[in-house]
Novice: 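Structure incoming, see below.
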Amino acid sequence: MASAQIDWHARARELQIDGRMVIDGQRRNTQSGETFDCLSPLNGKSLGAVARSRAADVDAAVACARQAFDDGRWADMAPAARKRVLQRFAEKILGAREELALLETLDMGKPIQYSLAVDVPSTARCIQWYAEAIDKVYDEIAPTPKNALALITREPMGVIGAIVPWNYPMIMAAWKLGPALATGNSVVLKPSEKSPLTALRLAELALEAGLPPGVFNVVPGFGGEAGEALALHPQVDAIGFTGSTRTGRRMLDYASRSNLKRVYNELGGKSAFVVFDDFDDIARAATTVAGSMFFNQGESCNAPSRVFVHERVADEFVARVVAEAPKYAPADPLDPSTVMGALVDDTQLRTVMGYIAAGRSEGAVCAAGGRQVRTESGGYFVEATVFDGVSNAMKIAREEIFGPVLGVIRFKTEEEAVTLANDSAYGLQASVWSHNINRAHRVARRLRAGTVHVNQYDEDDITVPFGGFKQSGNGRDKSLHAFDKYTELKTTWIRID
Ligand code: NAD
């Protein structure tokens, strides 16, 4: 049924939430019986009780994952057999499209049209892409002298702890699950306490698809409890983490205090969007920055939140972005025409409003938005906000806001633009807008970011790596490069007489 014809509110009322953990292929209550209320950002009300996993539960999940890995029930399957299971998993995800989309929207506040059109298909495509890849990737033989053969092979790492954030709960989980499962690992997934529901359903769908029990376990709970226990666990071989830079630091600490497990951090961003005066379609640059910044309520790690504009075109650019902002008016996320939903929770709302206040008090000019709206709903809605007159030294330019707030910084020269853009602790993405081919290449090379866009910001595909320079993290999600995170390289020397 077309999304516009579905009564999503009626569907939401009928929804049955099962918040129990998934361990060893079964739904389980926590050992203590503890749960927490899963609150919806749409109205602040509880969607249901979710298991509050703690160290004992994480122990149980890791033990099952370890057993599943060690007995080879998944790792020893032929790649083509693993492929078929994961393909079925992807099909199951698409089959549950409407249910998963509804859960995602209710749980984290994004508009239902995007949950349906972006989050669910991207999740399925990610799983399917790694499924397809796994029986097409070859190992290597080194060019050694003739009396020896050196095989360079990849082996699954073992038990992967996946700890993910709330902004794209399913997609972030899939970026870990796809390459980790395809290469034969077992996974214990800790979703964010702010958005645990789709992870639990994904685990059920994987079981229905034929993934052996124990290979993919889910322990919902809080960071300082379930997350810490998982990251400290001596039987976990690697942590695939996506979240804030602050928590990423802790991941390195947990590894150093436990078993030196591999830590792959995908962290925050403060991406620069640099518009030169030789770019003649300022309208397109403005529409693009608004679309990318306000998508997902600005809760995207790669949101282009620092916009550097040459002073000659800055007034026109600002006027156009300001005209775009009202098109992203926050509205009911369950209405299929809504383009801007709710911030994930009250804490995030207060954080974002705090940054808006900081922008004003530091002297930036709030040219659009800036207010909390729809308070009568009980949910957490903030207008698409544009600050002009920002300097790169201001708090709103230095810190990740993770909300719909964009700051415009004016520059005079190419050198100044590059220096300012790179003057950030982060280096996730960047964008350069110029019709001068030499300048576009020159600046793209100099921008210190894992992805640089030229004259666009929207391109994205599972085939390309995603990750950051500097404090935006290490390792790369997506593409074949993600296999590096979940496999160990082994050299086997064979003497030939
Ligand atoms: P967060 O760091 O608060 O939490 C992320 C996960 O870590 C959650 O599951 C949380 O429960 C857990 N956690 C929190 N504290 C922990 C602790 N002390 N020990 C163990 N686990 C802990 O981040 P968030 O607010 O959920 O997500 C937003 C952040 O994620 C932003 O900084 C955003 O830029 C980043 N992000 C990065 C990418 C990327 O690919 N680089 C993608 C999406 C989001």
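We're numbering straight along the sequence, starting at 1. Ligands are counted one by one from 1 in listed order, and the atoms in each one are counted from 1 as well.
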Novice: Please state which option from L189, T247, T242 has its nearest heavy atom closest to atom 3 (O) of ligand 1.
Specialist: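 Nearest heavy atom to atom 3 (O) of ligand 1 lies in T247.
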Novice: Where on E266 is there a heavy atom closer than 4.0 Å to ligand 1, on the side chain, on the backbone, on both, or on neither?
Specialist: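 Within the 4.0 Å criterion, E266 contacts ligand 1 through backbone and side-chain atoms alike.
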Novice: Are F469 and Y426, when compared by the centres of their aromatic rings, separated by less than 6.0 Å?
Specialist: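 Centroid separation for F469 and Y426: 6.0 Å or greater.
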Novice: May I ask you to identify, for M172, whether its side chain, its backbone, both or neither come under 4.0 Å of ligand 1 on a heavy-atom basis?
Specialist: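 Within the 4.0 Å criterion, M172 contacts ligand 1 through side-chain atoms alone.
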Novice: Is there at least one pair of N or O atoms, one from E193 and one from ligand 1, spaced under 3.5 Å apart?
Specialist: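 The answer is yes, given that E193 and ligand 1 share an N or O pair closer than 3.5 Å.
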Novice: Nearest heavy atom to atom 38 (C) of ligand 1 wins, so pick from G269, C301, G450, G221.
Specialist: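 Heavy atom nearest to atom 38 (C) of ligand 1 belongs to C301.
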Novice: Are any of the heavy atoms in Y168 under 4.0 Å away from ligand 1?
Specialist: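 No; Y168 lies far enough from ligand 1 that no heavy-atom distance drops under 4.0 Å.
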Novice: Just to confirm my output: which protein heavy-atom neighbour is closest to atom 23 (O) of ligand 1, and how far is it?
Specialist: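 Looking only at protein heavy atoms, the one closest to atom 23 (O) of ligand 1 is S244 N, 3.3 Å.
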Novice: Enumerate the atoms of ligand 1 whose separation from the nearest heavy atom of G227 is less than 4.0 angstrom.
Specialist: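 Checking each atom against G227, I get 20 (C), 21 (N).
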Novice: Please say whether more than 12 non-hydrogen atoms of neighbouring residues, nucleotides or ligands are located less than 6.0 Å from CZ in R250.
Specialist: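 Result for CZ/R250: open.
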Novice: Under 4.0 Å, heavy atoms only, figure out whether ligand 1 is touched by the backbone of E400, its side chain, both or neither.
Specialist: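 Looking at E400 and ligand 1, just side chain atoms fall under 4.0 Å.
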Novice: Are R262 and D237 within salt-bridge range, i.e. N to O under 4.0 Å?
Specialist: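 Salt bridge absent between R262 and D237.
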Novice: Measuring from atom 10 (C) of ligand 1, which candidate in Q429, R249, K190 has the nearest non-hydrogen atom?
Specialist: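 Minimum heavy-atom distance to atom 10 (C) of ligand 1 goes to K190.
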Novice: Out of W166, F222, F241, who gets a non-hydrogen atom closest to atom 24 (P) of ligand 1?
Specialist: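 It is W166 that holds the nearest heavy atom.
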Novice: Less than 4.0 Å between a side-chain N and a carboxylate O, is that true for R52 and E193?
Specialist: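 Between R52 and E193 there is no salt bridge, as every charged N stays at least 4.0 Å from the carboxylate O atoms.
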Novice: Assess whether a salt bridge exists between D477 and K176, defined as any Lys/Arg side-chain N lying under 4.0 Å from an Asp/Glu carboxylate O.
Specialist: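 Answer for the salt bridge query: yes.
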Novice: Indicate yes or no: does R201 engage E99 in a salt bridge with an N to O separation below 4.0 Å.
Specialist: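 So R201 pairs with E99 through a salt bridge.
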Novice: Give the single entry among P196, P165, G243 that approaches atom 35 (C) of ligand 1 most closely by any heavy atom.
Specialist: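 Heavy atom nearest to atom 35 (C) of ligand 1 belongs to G243.
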Novice: List the closest protein heavy-atom neighbour of atom 41 (N) of ligand 1: residue, atom name, distance to the nearest 0.1 Å.
Specialist: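 Nearest protein contact, heavy atoms only, for atom 41 (N) of ligand 1 is L267 O, 2.8 Å.
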Novice: From the options A226, G223, S195, select the one whose nearest heavy atom is closest to atom 13 (N) of ligand 1.
Specialist: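 Checking each option, the heavy atom nearest atom 13 (N) of ligand 1 is found in G223.
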Novice: Between Y114, Y328, Y457, which is the residue that forms a ring pair (Phe, Tyr, Trp, His ring centres under 6.0 Å) with F295?
Specialist: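 Exactly one candidate clears the test, Y114.
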Novice: For V164, is at least one N or O under 3.5 Å away from an N or O on ligand 1?
Specialist: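 By distance alone, the answer is yes.
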Novice: From L489 CG over to F483 CZ, what is the distance, rounded to the nearest 0.5 angstrom?
Specialist: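 Between atom CG of L489 and atom CZ of F483 there are 13.5 Å.
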Novice: Under 6.0 Å between ring centres, would you say that holds for W433 and F273?
Specialist: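 Here the rings of F273 and W433 have centres that are less than 6.0 Å from each other.
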Novice: Report the part of P191 (side chain from C-beta onward, or backbone N, CA, C, O) that has a heavy atom under 4.0 Å from ligand 1; answer both or neither where that applies.
Specialist: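 Looking at P191 and ligand 1, just backbone atoms fall under 4.0 Å.
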Novice: Taking all non-hydrogen atoms of both residues, which atom of A425 and which atom of K470 are closest, and how far apart?
Specialist: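 Closest pair (atom of A425, atom of K470, distance): O-CB, 3.4 Å.
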Novice: If you measure from atom 19 (N) of ligand 1 to every heavy atom of Y254, F402, Y426, which option wins on shortest distance?
Specialist: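 Comparing heavy atoms across Y254, F402, Y426, the nearest one to atom 19 (N) of ligand 1 lies in Y254.
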Novice: Between S472 and ligand 1, is there a nitrogen or oxygen pair with a distance under 3.5 Å?
Specialist: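 Between S472 and ligand 1, no N or O pair is found under 3.5 Å apart.
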Novice: Taking the basic N atoms (NZ, or NE/NH1/NH2) and the acidic carboxylate oxygens, is any pair closer than 4.0 Å for D253 and R249?
Specialist: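 Salt bridge between D253 and R249, a charged N being under 4.0 Å from a carboxylate O: no.
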Novice: So, does I163 sit close enough to ligand 1 that a heavy atom of it is under 4.0 Å from the ligand?
Specialist: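 It does, in that a heavy atom of I163 comes within the 4.0 Å cut-off of ligand 1.
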Novice: With a 4.0 Å cut-off, would you call R54 and D59 a salt bridge?
Specialist: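 No, this pair does not count.
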Novice: May I ask you to check whether F402 and W166 place their ring centers less than 6.0 Å from one another?
Specialist: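 Yes: the rings meet the under 6.0 Å criterion.
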Novice: Look at R398 together with D423 and state whether they make a salt bridge at an N to O cut-off of under 4.0 Å.
Specialist: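 Salt bridge flag = yes for D423 with R398.
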Novice: Under 4.0 angstrom from ligand 1, any heavy atom of M251?
Specialist: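 Contact present.
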Novice: In terms of atom number and element, which parts of ligand 1 are under 4.0 angstrom from non-hydrogen atoms of F466?
Specialist: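 So the answer, numbered in order with elements, is 39 (C), 40 (O).
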Novice: Would G248 count as a contact residue for ligand 1, given that I'm defining contact as a non-hydrogen atom of the residue lying under 4.0 Å from a ligand atom?
Specialist: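 So G248 does not count as touching ligand 1.
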Novice: For ligand 1, indicate whether the residue N167 contacts it via side chain, backbone, both or neither (heavy-atom separation under 4.0 Å).
Specialist: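 N167 to ligand 1: side-chain contact only, backbone stays beyond 4.0 Å.
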